[in-house]
Amino acid sequence: MKEKFIALFMAGILALSCGGCMENGGEKNNVKTFNEKRALFPVSETISENIFTMSMSRLAGQGERLAAISLQGIVNRNTPEFYLLDDNSKWSLDYYKEKGYVKSSENIASLEKLIEKYADRVKGAVIYDPEKEFTVNTATNVAGSESRIIIPPKLEETVRKYGITDIKDLRDLDFTDAAEAYEWERDNYLDGQNKDVLACMYYSQQNDYSRDYVIQFNIHVFWLPGENDPEYSEKQTELVKKTLEETKVNIPVLGFWYSTDGKGNERGISEYGGVKLGGYYGKFTVVNDWVGNYSFHSGVPVDPQVFTQKKVRNKESNITYDPEKKYVAFVMIDSGDAPCYFQYAVNQYQWNDSYRGTVSMNMSITPALKYLAPGILEYLYETATEEDYFFCSISGIGYCYPLEGYGSLCSDPEEVLEEYFAMTAYQMETLDMDMLGLYSHPFSMWQIPDDDDFVEKYITKHPQIRSVIADMGRNDNMQTPNAMLSNDVTIHHTLTRWSSEDMGTPSSRDKDEAAVEYMVTEIVRNGRDTQFIQAMFYSWHYGPRRLKMVKDRLEAEGYVFLTLPEFDALYREQLS
């Protein structure tokens, strides 16, 4: 996902942001109450033990999909009981049954049966305009605010059949373009919507799945087109910037700033552009697409005591420092910031690999998962081996670039950053994490002394943070790959970078030789001048099996592979 940066956007980002500078101090955007313990996301009531399910395969096209998903969001507002099944969501429901959270499930055979069953839960319907795809977001804001099911025109007779007669037809408003529609959404709904979360979602399939949660909690959804998008307009850009300016700081933007349309064309301001622009206004991104059911997942009643890393912390290690050895920590820095990764990829690429536990693997995890899908997070903690270590993903409570102007367009940028890292430290404590992944600069190297000073000012003051795992891929010419900062906090910089070549997936055996050779070369070449090598492995190319192959190649040459706690302890030992 992170490989989709659009470097050319760097020139345009300043032009995009300057119009959002707050002339009068931004009263709505100031940090009035410093509350590091506040929840990152709203959560559902405790789920029902007896639930109803429906297969996504029974839904024909976007219209039926939106109808089922929007209905799910409304139904699950009280004791969540409806779960949508597809290849990405079956395994987690099986886990909930195994744990006893779900006692029984009954399948609903068709969308019409679903509407019949839950028609009395909704207050009406809203028809989006299939000829104007941007009205999917308009309908989402209406549905969340007014408890309406989203339908295409062809389903109007069906919902009327079951007594849903209060119907708002967005075609009647005859919006000229996306900007006009979004202005109408802001004017009519923004003030009454959730104040603690925003959502950035394109209108295509990949963003439909999590609309259940957005509707359930009446979260304001928007989209920011890129300059090459057909619906781009300066007015739309200014309206979105106004939304970012007028809403609270240090709240998440769920979804993503980048997408593709039905023909595979890139859409949106770009990953880098959106994450950075949101960050200027004190908004962090929580990446999610292709999966949902969060209106159900967030209500799974997990005991918070489960979030302790017992096995890896109790691991008996007989490794002592040897000045002749090279020490390597395999670190999955990318993807851990995205809750969706832990639904559709973690089992396929990492967790179900039979080699897991034979090689030390350090994985970043977003604290947002504790709110959006605590049962999935419980699964990871319960099944982790002594070789699996979890640290806080980049860059804390959400995906952002703290060193590139986070909070700079807020009335008090320093206070925004102070709260951001205080919130991060608190969330880490609740998840037994003591190392923080920190995204530095996507396109430039770590700046000394400025970046070190930033870490000293905002991060090392928090006792919960023992170490900073810096960068997202190697920054060239890194002169000090590891260092001791103040308050006994260490920093370890990434020395490897993901390949732009086709390495296949972690299970693509025909690409094993190239993938292993690439990683071996990266470690050897970039670790020449240090004993301690923090080695990023790209989550879409490497899993335990391939990492074990790299380990087997390099162990004979004096390389030792460690969990981050072991790696950091040895680094501290050699300093003393």
Side-chain angles (χ1 to χ4, degrees), residues 36-41 43 46 92 95-96 98-101 297-317 319 329-333 335-339 341-343 346-347 350-352 356-398 421-438 459 462-469 488-490 492 544 562-570 572:
E36 71 270 20
K37 295 184 180 182
R38 60 185 167 99
L40 302 183
F41 284 92
V43 299
T46 300
S92 48
Y95 176 72
Y96 297 159
E98 177 185 323
K99 293 291 294 183
Y101 296 134
H297 287 308
S298 66
V300 175
V302 175
D303 183 349
Q305 298 300 316
V306 75
F307 301 130
T308 56
Q309 302 195 60
K310 296 178 181 178
K311 291 180 182 177
V312 68
R313 297 203 186 282
N314 293 332
K315 177 183 177 183
E316 293 185 8
S317 179
I319 299 173
F330 281 134
V331 178
M332 192 191 90
I333 295 176
S335 299
D337 60 295
Y341 183 84
F342 297 99
Q343 281 202 61
V346 74
N347 272 339
Q350 311 297 339
W351 228 241
N352 287 343
R356 187 168 65 88
T358 66
V359 58
S360 298
M361 187 171 74
N362 304 281
M363 177 181 290
S364 68
I365 293 183
T366 172
L369 204 59
K370 181 181 71 174
Y371 297 89
L372 294 174
I376 291 176
L377 188 58
E378 176 188 40
Y379 163 73
L380 294 173
Y381 272 74
E382 281 198 336
T383 57
T385 74
E386 65 178 10
E387 300 295 340
D388 300 315
Y389 172 74
F390 303 139
F391 66 100
C392 188
S393 64
I394 54 171
S395 286
I397 50 176
F421 286 110
M423 291 173 68
T424 292
Y426 171 74
Q427 294 298 331
M428 289 173 62
E429 182 180 2
T430 67
L431 295 174
D432 190 22
M433 293 176 175
D434 54 11
M435 297 191 183
L436 169 64
L438 182 66
I459 298 176
H462 297 288
Q464 183 62 32
I465 302 174
R466 178 174 173 80
S467 185
V468 174
I469 310 304
D488 199 36
V489 174
T490 51
H492 303 295
L562 305 168
T563 63
L564 275 173
E566 294 171 312
F567 179 90
D568 188 61
L570 284 182
R572 292 168 183 271

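Note that the coordinates shown come from a computational prediction; the quantities given were computed from them, not determined experimentally.
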* **Ring centroid separation H297 to Y371 under 6.0 Å** =>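 No, the ring of H297 stays outside the 6.0 Å limit from the ring of Y371, centre to centre.
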* Asked: Can the ring centroids of H462 and F421 be said to lie less than 6.0 angstrom from one another?
  ->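 No, the ring centres sit 6.0 Å or more apart.
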* For Q309, all residues meeting side chain to side chain contact (heavy atoms under 4.5 Å, CB included), sequence neighbours excluded ->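 Scan of Q309 (side chain to side chain contact (heavy atoms under 4.5 Å, CB included), adjacent residues dropped) gives V312, R313, Y381, Y389, F390, D432, M433.
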* To do: Just jot down the side chain to side chain donor-acceptor pair (under 3.5 Å) partners of Q350, sequence neighbours excluded, or say none.
  =>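 So Q350 forms a side chain to side chain donor-acceptor pair (under 3.5 Å) with Y341.
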So which atom in [X] and which in [Y] form the shortest heavy-atom distance, rounded to 0.1 Å?
{"X": "P565", "Y": "N362", "result": "CD-OD1, 4.5 Å"}
{"X": "L564", "Y": "A329", "result": "CD2-CB, 3.8 Å"}
{"X": "P544", "Y": "M361", "result": "CG-SD, 3.8 Å"}

* **Selection residues 369-378 - residue pairs positive for salt bridge (Lys or Arg N to Asp or Glu O under 4.0 Å), sequence neighbours left out** =>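 Sorted pair list: K99-E378.
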* To do: Taking only Lys NZ, Arg NE, NH1 and NH2, and the carboxylate oxygens of Asp or Glu, determine whether E387 and R356 approach each other closer than 4.0 Å.
  =>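 Salt bridge flag = no for R356 with E387.
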* To do: Run the salt-bridge test on K311 and D388 with the 4.0 Å N-O cut-off and return the result as yes or no.
  =>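 No, this pair does not count.
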* Output yes when a side-chain donor or acceptor of T308 lies under 3.5 Å from a complementary backbone atom of K310, and no otherwise. =>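 Such a contact is absent between T308 side chain and K310 backbone.
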* Asked: Taking T366 for the side chain and P339 for the main chain, is one N or O donor matched with an acceptor at less than 3.5 Å?
  ->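 Not confirmed, T366 side chain does not pair with P339 backbone.
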* Are a donor atom and an acceptor atom from the side chains of T563 and S360 found within less than 3.5 Å of each other? ->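 Absent: no donor and acceptor within the cut-off.
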* Polar contact flag, side-chain donor to acceptor under 3.5 angstrom, Y95-E382 ->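 Result is yes, a qualifying pair exists.
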